[in-house]
Each structure stands twice: as C-alpha cells, then as structure tokens.
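First the structure, in the form of structure tokens, and then the observations on it.
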Amino acid sequence: MKLQTPIYGLLAEFPGEHELLVASRAVRDAGYRKIDAYTPVPVNGLSEALGLQKSRVPLLVLCGGMIGGATGLLLQYWSMHIYYPLNIGGRPTDSWPAFIPAAFELTILFAAFAAVFGSFALNQLPQPYHPVFNVRSFEKVSTDGWFLAIEASDPRFDYGPTRRFLESLGPVEVSDVDH
Amino acid sequence: MARITTTRDESGFIREPGRSYGAEVPVLAPGHTYRSVTDKITDVVFNRTPKGWYFGLAVTLAMLMLLVTSVGYLFARGVGIWGINIPVSWGFDIINFVWWIGIGHAGTLISAILLLLHQEWRTSINRLSEAMTLFAVACAGMFPIIHLGRPWLAYYLFPYPNTMGLWPQFRSPLVWDVFAVSTYGTVSLLFWYTGLVPDLATMRDKTQNRFLRMVYGLMALGWRGSARHWNNYQMAYLLLAGLSTPLVVSVHSVVSFDFAVSIIPGWHSTIFPPYFVAGAIFAGFAMVLTIAIPLRAFYKLQDFITMRHIENMAKVTLATGLVVAYGYLSEIFFAFYSGEYYEQYFIANRISGPYWWAFWALILCNVLAPQALWSKRVRTNLPLLFLIMMFVNIGMWLERFVIIVVSLHRQYLQSSWDMYAGTFWDWSTYLGTIGLFLTLMFLFIRTLPAIAIFETRELVHADETQPEDMPA
C-alpha cells in the first residue's frame with residue numbers, strides 16, 4: 001500500500017471525559033474534519049461535538065425486518081397455497097393468520113441480523129489492525145483512557161502547528177501515530 | 001439543557017435531583033473507579049483458577065457424561081427406553097423442554113426489557129443472565145429433537161427445497177416452535193456477543209499472555225472504543241433490546257400454542273400464552289438467583305451484585321409468582337364455568353386424581369413458598385432465599401408435569417387411560433442437561449467477563465457530577 005503521509009496522525013490523551021469533550025469541540029471548531037475520539041464508555045454528546053452523522057443502523061434494521069417479514073409470508077403462502085397445498089379438513093390453504101407466528105419470528109431474526117452485522121459493517125469491524133494500536137498508552141482506552149486523534153490526511157493537518165494546537169488543549173500526552 | 005443529572009450522595013446512592021428516596025442499597029458499592037471496576041471483574045478470569053472451580057467442574061462434567069451416555073443409548077435403542085406410552089406420548093422430554101426454555105426467558109427480560117425501562121440495576125446481572133438464557137436454550141433445544149423417533153431427520157422441520165418436493169406444515173404449532181426457538185437462540189447469541197465486544201477489547205488490553213491477547217483480540221474484532229463505533233453500537237444494542245422484547249413474549253406464547261391449539265382438556269385454553277410467559281419469567285428469575293447467590297459469594301462480587309439486585313429479583317419473582325397463581329385459579333374457574341363435562345372432570349382429576357401429589361406439591365412450591373418473599377427479612381436472608389428459589393425451580397418443573405402428564409393420562413376415552421412414570425433414562429437425561437447447563441456456566445465464568453464491564457463503568461460514570469456546559 002502506498003502511504004500518502006509519513007505518519008497516520010496525532011493522538012492526544014486527556015485526563016477525563018469533560019476535557020475530551022471540550023477538546024473535541026475545539027478541534028472541530030478549528031476546522032479539522034478527519035478526527036475521532038476513543039473512550040472506555042459511550043459519552044453523551046461526543047458524536048455531536050465531533051460532528052458525526054446520526055447512526056444509520058435504524059434504517060438497516062427497518063429494512064432487515066421488512067425483508068424478514070416479507071420472506072416469511074411469501075415463503076409460507078407459496079409453499080402452502082401454490083406449490084404444496086395440503087387439504088386438512090377442507091380448510092382454506094391461504095390461511096394467513098396461521099402464517100403470522102413464523103413470519104413474525106423471521107421479521108425479528110432478519111432485523112437482528114441487520115442490527116448486529118449492519119453495525120459491524122458501518123464500524124468496519126472486524127478490523128484487527130489499526131494504526132492507533134501502535135501507541136503504547138492506547139491500551140488504556142478500554143479501561144480509563146480518553147483519546148482524541150487527528151489524522152494526517154486531513155487537509156488542515158500540518159505537523160508542527162497541529163501538534164502545538166493539541167498541546168494547548170491540556171492533554172496528558174500527545175503522541176505520533178505510526179502507520 | 002434539560003437533562004437529568006444523576007449524582008451519588010456520600011454513601012453511594014444514586015440520586016436524581018427533586019426526588020425523595022428511602023434508605024436504598026446502591027447498585028454499585030461506593031468508592032469504585034473505572035480501573036477498580038475493570039480489575040475486579042477481569043480478575044475473576046485472570047486470577048489463578050480456584051480449587052473449588054475444578055471441583056465444581058468435575059461434578060458437572062460427570063453429569064454431562066451422563067447426558068452423553070443417555071442420549072447415546074437412546075439413539076441406539078429408540079424412545080422405548082423412556083416411560084412414554086399412549087396416551088402419555090409427551091413425557092419428560094417435553095416437560096424438560098418447556099422448563100428449560102422458560103428459564104431462559106428471564107435472561108432476555110433482564111437484558112432487554114429492563115434496559116428499555118432504564119432499570120440500571122440490571123447492569124451487573126445482565127451478562128450472567130444472558131449466558132443463562134443461551135445455555136438454557138441449548139438444553140431446551142435438544143429435547144424436541146431427541147424426542148423424534150428419527151432424530152437424524154430433524155432438519156426436515158426447516159423449509160428448504162428438497163428432492164422429495166415436501167414442505168413443512170406451517171399451520172402446525174410444532175413448526176412455529178421450530179421458528180420461535182431457533183430465532184430465540186440465534187438472537188440471544190447475537191445480543192450476548194454484541195454486549196461482549198467492548199469487554200473483549202478490555203480483556204485483550206488487560207491480559208499479559210500473548211496467546212490470550214490474540215484470542216480475545218480476534219473475538220473483539222478490533223474494537224477500539226471510537227466515537228463512531230459507540231455511535232452505531234449503542235443504537236444497535238438498543239434496537240436489539242427492542243427486538244428481543246416482543247421476541248421473548250412470542251417464544252413462550254408459541255410454546256404454549258403447542259398445547260393450547262390442541263383439543264386436550266386442560267390445554268385448550270386462551271389463558272395459556274400470558275400464563276406461560278409469566279411462568280417463564282418466574283422460573284427464570286428463580287434460576288438467576290440460584291446462580292447469582294453462590295457466585296457472588298464464591299468470587300466476592302458483593303460490590304457489583306448488591307443486596308439491591310437480590311431484593312429486586314426476589315420482588316420480580318414474587319410478582320410473577322402471583323400472576324402464575326392467578327393462572328392456576330383461572331384454569332379452575334374456567335373449567336367450572338364452561339359447564340363442559342371433560343374440562344370439569346380434568347380439573348377434579350388434577351386436584352384429587354392419582355397425581356394429586358404433583359398438583360399439591362406444585363401449589364406448595366409455586367404459590368405458598370414464594371409468599372415468604374413479602375417479608376424483607378426473608379428477601380435479605382441469602383440461604384433462605386436460595387431455598388425458596390429451589391422450591392420455585394422444582395415447582396415450575398412440576399407445573400409442566402401437571403399440565404402435560406395429568407392432562408394426557410385420562411383423555412376422552414376411558415379405554416385409553418394409563419399411568420405414566422419416568423424411567424431411569426428419563427431422569428438421567430434430565431440430570432444430564434443440568435450438567436450441560438452448569439458445565440457451560442462454569443466455563444463461561446472462567447473465560448469471559450461474567451459482569452458487563454463497560455456498563456458497570458457507566459455506573460461509576462453516574463458518580464461524577466457533570467459540568468454545566470457539557471453538550472447534551
């Protein structure tokens with residue numbers, strides 16, 4: 001892979017959630033767009049501070065559920081009424097009320113698949129390698145570390161000034177992130 | 001910015017401004033930080049294996065071997081080794097199926113419904129109860145399959161294009177059951193795993209062992225706690241909870257349709273779906289307590305599974321127990337009110353027939369014993385509470401015995417009346433699935449965080465007073 005930039009970016013660690021939120025807004029206000037924050041717990045308001053879009057998971061789940069429900073109903077209608085009609089006591093073969101339970105279960109099943117695999121896909125997981133893992137202190141992210149990254153591919157990124165800017169926001173430490 | 005800021009007072013109680021509180025036990029013992037919470041929970045996995053664990057696993061593995069033997073013998077000889085006969089063609093296998101699947105339901109209730117209701121006390125017990133759900137469904141799923149005369153043809157139940165040109169009969173509750181139980185198992189697994197991903201990342205970062213780091217790392221999928229990740233993750237988790245809630249209600253309703261859609265006296269009743277769902281939650285909470293009480297003592301997790309959890313679970317058990325008792329009463333009333341000869345005979349036979357002891361033992365276990373839970377002193381007395389939960393576990397098994405065996409053994413024709421009793425192989429298969437369940441539980445506790453770490457961190461989070469200028 002041809003690397004466009006000498007490093008992946010800069011990673012700043014902050015002492016707490018509040019400091020991270022303030023810094024995130026400052027970085028975004030300064031015009032940086034290729035930014036991301038890393039936290040041990042979901043933080044209220046952090047997506048807004050970073051200017052992230054609303055999650056598209058609900059739309060995927062809705063589609064998954066509708067596909068599941070349609071699959072269930074059509075499968076049963078086709079197999080019970082068209083392809084393999086069973087005459088049981090002369091009852092109608094297109095007995096849709098009896099098709100509800102299986103169609104309902106398939107609705108839930110497909111919607112759940114959409115929620116789980118859709119959110120993984122939107123998050124680009126599984127992704128075993130990511131440059132931020134190269135920073136030694138980053139292992140704290142899953143315990144009590146609060147991090148903010150600016151990627152070098154951001155058009156406004158300029159190593160010296162960006163680093164000084166991050167340092168002015170009161171971080172514990174600013175590290176270079178190797179590719 | 002209208003947001004509710006929860007804080008904790010000096011003894012660690014969560015407080016919302018403008019609400020009055022009685023003396024409550026906190027959901028997380030005071031004084032914990034992000035790091036201490038993480039360490040304490042991961043230590044259960046990373047510390048040296050306690051001797052008691054080996055002992056426990058040895059016992060449960062022995063029971064699991066009993067299952068393997070029983071099922072092996074069953075496959076060699078056929079269902080004739082069981083006590084089932086005509087008319088009682090559903091015996092222990094279906095009793096155990098319904099019992100296990102019911103136990104699973106509390107796990108989904110705790111993890112999904114209580115999440116939607118913002119019951120924060122669910123946090124430290126949800127992982128454990130989700131695991132319980134998963135293992136209980138695994139045990140439950142076995143029974144209908146091994147009950148088949150030719151279990152190797154179980155896949156015929158799934159709709160797939162085949163050379164025989166056959167399709168399953170979709171109007172049969174037994175086929176609905178296949179869909180309900182397999183969906184339930186799959187969604188429970190997905191929900192459980194999704195909840196585990198951030199915690200697996202914690203395990204990956206905490207372990208010193210290279211091999212374990214690789215294993216946990218692979219399972220964590222490269223989770224790095226990015227704001228983008230959390231954004232999608234939280235939405236997915238919430239939606240999964242929303243999907244699981246109607247699912248859990250549908251599953252036991254479908255299980256009850258296996259009975260209610262037939263015309264056997266005592267089965268053909270509209271009370272069955274709600275009464276089965278309440279019974280499932282009742283049985284499930286009893287089982288969560290049965291597991292949680294010894295677990296928290298053994299691994300010293302009293303800081304996380306506090307008396308607040310124990311008491312709340314006892315209260316839910318009591319409440320659902322009352323719903324179940326109402327179900328019993330309404331069955332008797334409807335039999336009387338129907339004016340139907342067979343329905344009335346069946347109730348009289350249930351109460352005073354040859355299986356009277358099962359009915360009265362059921363009333364003792366499920367109706368009378370849980371009444372002790374009205375008393376706070378009983379709810380906070382762990383050995384006594386454990387004993388009552390054992391009553392409920394047994395009572396719920398008896399309930400299914402009464403529903404299945406007592407209804408079947410005296411049907412419409414006197415010429416086909418018969419008695420039923422489980423044989424050695426019935427009992428050994430049942431004990432064997434308990435072995436399977438406990439073995440999986442033991443392995444789970446030693447290899448994965450049994451308490452949701454990141455959600456517990458969020459409880460610590462509620463501790464810190466949030467600054468005024470925080471964006472909401």
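Quantities reported herein were computed from a predicted structural model and do not represent experimental measurements. By convention in this document, chain letters (A, B, ...) are assigned in the order of the sequence lines, proteins followed by strands, and residues within each chain are numbered from 1.
Close approach to chain B, defined as a heavy atom under 4.5 Å from one of its heavy atoms, is seen in no residue of residues 155-167 of chain A. Of residues 90-102 of chain A, those residues lying under 4.5 Å from chain B by any heavy-atom pair are P92(A), T93(A), S95(A), A98(A), F99(A), P101(A), A102(A). Of residues 66-80 of chain A, those residues with a non-hydrogen atom less than 4.5 Å from any non-hydrogen atom of chain B are, in numerical order, L75(A), Q76(A), W78(A), S79(A), M80(A). Inspection of non-hydrogen atoms places L52(A), Q53(A), S55(A), R56(A), V57(A), P58(A), V61(A) of residues 51-61 of chain A under 4.5 Å from chain B.
Of all the heavy atoms in T202(B) and S142(A), the pair that sits closest is OG1-O, 3.1 Å. Heavy atoms only, all atoms of each residue included: L125(A) and H229(B) are closest at CD2-CE1, 3.8 Å. E105(A) approaches T183(B) most closely through the heavy-atom pair O-CG2, 3.4 Å. The nearest pair of heavy atoms linking R171(B) to I88(A) is NH1-CD1, 4.4 Å. Shortest non-hydrogen contact noted between I35(A) and R228(B) is O-NH1, 3.0 Å.
Considering only heavy atoms from C-beta on, F179(B) stays 4.5 Å or farther from L109(A) through its side chain. With a 4.5 Å cut-off on side-chain heavy atoms, P42(A) and E458(B) count as touching. Under the 4.5 Å side-chain criterion, counting only non-hydrogen atoms from C-beta, D205(B) is not in contact with T143(A). The closest side-chain heavy-atom distance from L190(B) to F117(A) is below 4.5 Å. For the pair Y193(B) and V116(A), the minimum side-chain heavy-atom distance is 4.5 Å or more.
Here the side chain of W230(B) pairs no donor or acceptor atom with the backbone of L46(A) at under 3.5 angstrom. R457(B) places a side-chain N or O within donor-acceptor distance of the main-chain N or O of P40(A), the cut-off being under 3.5 Å.
Aromatic ring pairs are classed by plane angle as parallel below 30°, tilted from 30° to 60° and perpendicular above 60°; the pair Y83(A) and W167(B) is perpendicular.
If you measure heavy-atom distances from L243(B) to chain A, the contacts under 4.5 Å come from both the backbone and the side chain. When heavy atoms are compared at a cutoff of 4.5 Å, P168(B) approaches chain A solely by way of its backbone atoms N, CA, C and O. Proximity to chain A is absent for every atom of L218(B), based on heavy atoms less than 4.5 angstrom apart. Contacts of V197(B) with chain A are made by side-chain atoms alone, with heavy-atom separations under 4.5 Å and no backbone atom involved. Both the backbone and the side chain of S250(B) come within contact range of chain A, with heavy atoms under 4.5 Å apart. For S226(B), the parts lying under 4.5 angstrom from a heavy atom of chain A are both the backbone and the side chain. Neither the backbone nor the side chain of E455(B) has a heavy atom closer than 4.5 Å to any heavy atom of chain A.
Contact count against chain B (heavy-atom pairs under 4.5 Å) is highest for P126(A) among P128(A), G16(A), A115(A), P126(A).
The CG atom of N232(B) lies 4.5 Å from the CG atom of L122(A); values are rounded to the nearest 0.5 Å. To the nearest 0.5 Å, atoms CD (Q234(B)) and OG (S47(A)) are separated by 8.0 Å. Rounding to the nearest 0.5 Å gives a distance of 11.0 Å between CG of L86(A) and CZ of F170(B). A distance of 9.0 Å separates OH of Y84(A) from CE of M164(B), quoted to the nearest 0.5 Å.
Counting non-hydrogen atoms of other residues, nucleotides and ligands closer than 6.0 Å to CD1 of I263(B) gives a total of 12 or fewer.
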